[in-house]
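We count ligands from 1, going down the list as the structure has it; atoms in each ligand are counted the same way.
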Amino acid sequence: MELKVCKFGGTSMATKDSVLKVKNIIQSDNSRRFVIVSAPGKRFPGDEKVTDLLYACYEEKNISGSCRGYFDKIRERFVSLVKELELDFDIIPYLDQVEKGIIESTSPDYAASRGEYLSAIIMAQVLKMDFVDAADVIKFTAKGIFDSEFTNDLVSKRLSFYNGAVIPGFYGTLPDGKIKTFTRGGSDFTGAIVARAVEADIYENWTDVDGFMTTDPRIVNNPRLIDYLSYDELRELSYMGAGVLHPESTFPLQATGIPINIKNTFNPSAPGTMIVKDTATVSAPRLITGIAGRKGFTTIFIKKSMMNSEIGFCRKVLSVLEYYGINMEHMPTGIDTMSLIIADNELENNLDEILDRIRGKVNPDLIYIYRNISLIAIVGHGMSNQLGTAAKVFSALANANINVKMIDQGSSEINIIVGVNADDMNRAISAIYHAFF
Ligand code: ASP
């Protein structure tokens, strides 16, 4: 029989109605046997996500020794959810234990993980399924790196004893037993780990949209839905800001090629987007698959005559970034020029110091920075070996009167990245979208 692993996001876990929809989805198909849940998300615009409240609890307890202010909000949410669902089960002891655990914790991860934990305990009650704690089976090394093979072994052995189970997303444990979370949105990753370990036929990722859009619907009205997406395209688009799925979700699935189906809890009959290892055999040919944009980058521009013949020039510049522990996104180069594109959240208030250090290392003729850069990724396997994709992108931008600050195309030819002023980003995305779709 087919085996499906289903992950439900925060909006699916937020209210009585959404939880009952989840119940219907699971119970309408008995191949849906393993369920991964997020913490309850927003119930209405302006509402707070439980995970955000939990991080706030940790901050509060660090300041005052108690987290009562924020924890009362969390209590209220879970108590009323259990009550509305008419579950014959007492959540209070769990909440008391979590509050005590937050007070005693020494990192925010324990607090942050408790939304998923409580959400899974409730969902197990709703579905009358077993609860398997991610803390027992999802493992990190002492350095905090996800231990994929050890975890795969544990999850696969443990779940072989269950016909079905609910597992909280987002966290696991370090060798000393302390809780460690993935990065935000990491329940998607947990779902993929479980799908791999139980050798699922499909990993269904249930969210609150009909699938992956060709671009951001807040920028372009009613953009087309993507029917098929490759793992690599997904990674490029998610990394660049398409928020449907965690950018690393495909890693556990690479070797087996298990497809991910993005589905909508609030419109379950919609086919959604299928994310597969290779789209060549399943989807109609297309030039590009999607467009995504991300704000918040700074460019360091360096010019020096004869730079290209100076052996070790790049290494010296990059050693400065390494010294400060800064991650760089792109490094387009010319004969005598090089630009380093860096996300603003990598930079503290140390840009002047960084520039001085680069000056000291390579003595450039010119070095300066541009701030407020946005990057736009135009993504699709279809563009490789196809003439004219770049021409189409740049004439769309020129026609819209948008100045391009940076261009980068990886040698895999699956994306073209352009940098524009943050103020121009939405117009640029819209212009490119209309040129292709
Ligand atoms: N609840 C976590 C977050 O808000 C993880 C997740 O939902 O995947 O980031």
Asks: Under 4.0 Å from any heavy atom of Glu116, which atoms of ligand 1 are there?
Replies: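 Once the distances to Glu116 are compared, the set is 1 (N), 2 (C), 5 (C), 6 (C), 7 (O).
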
Asks: Minimum heavy-atom separation for Ser28 and Arg32, please, with both atom names.
Replies: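 Looking at all heavy atoms of both residues, the shortest contact is OG-NH1, 3.5 Å.
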
Asks: Go through ligand 1 atom by atom and flag the ones less than 4.0 Å from a non-hydrogen atom of Arg184.
Replies: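 Answer for ligand 1: 3 (C), 4 (O), 9 (O).
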
Asks: Looking at Tyr370, does the NZ or CZ of Lys405 lie under 6.0 angstrom from its six-membered ring centre and within 45 degrees of the ring axis?
Replies: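 The answer is yes, since Lys405 meets both limits relative to Tyr370.
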
Asks: If you measure from each heavy atom of Gly186 to ligand 1, is any distance below 4.0 Å?
Replies: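 For ligand 1, residue contact (heavy atoms, under 4.0 Å) with Gly186 is present.
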
Asks: Could you tell me how the ring of Phe131 sits relative to the ring of Tyr117: parallel (under 30°), tilted (30 to 60°) or perpendicular (over 60°)?
Replies: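 Ring orientation of Phe131 relative to Tyr117: perpendicular.
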
Asks: Looking at Ala400, is its backbone amide N or carbonyl O close enough to the side chain of Arg427 to form a donor-acceptor pair, meaning the two atoms are under 3.5 Å apart?
Replies: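 Answer holds: yes.
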
Asks: What are the atoms of ligand 1, with element, lying closer than 4.0 Å to any heavy atom of Ser187?
Replies: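 Those of ligand 1 that fall under 4.0 Å from Ser187 are 5 (C), 6 (C), 7 (O), 8 (O).
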
Asks: Do Arg68 and Phe71 form a cation-pi contact, if we require the NZ or CZ to be under 6.0 Å from the six-membered ring centre and within 45 degrees of the ring's axis?
Replies: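 Ring-cation test returns no.
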
Asks: Does NZ or CZ of Lys392 fall inside the cone over Phe436's six-membered ring, less than 6.0 Å from its centre and within 45° of the axis?
Replies: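 Output yes; distance and angle both within limits.
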
Asks: I'd like to check whether Thr51 has a polar contact with ligand 1, where a contact means an N/O of the residue lying under 3.5 Å from an N/O of the ligand.
Replies: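 For ligand 1, there is an N or O atom that lies under 3.5 Å from one belonging to Thr51.
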
Asks: Backbone or side chain, does any N or O of Gly185 fall under 3.5 Å from an N or O of ligand 1?
Replies: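 There is such a contact, yes.
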
Asks: What are the atoms of ligand 1, with element, lying closer than 4.0 Å to any heavy atom of Ser38?
Replies: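 Listed by number with element, the hits are 6 (C), 7 (O), 8 (O).
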
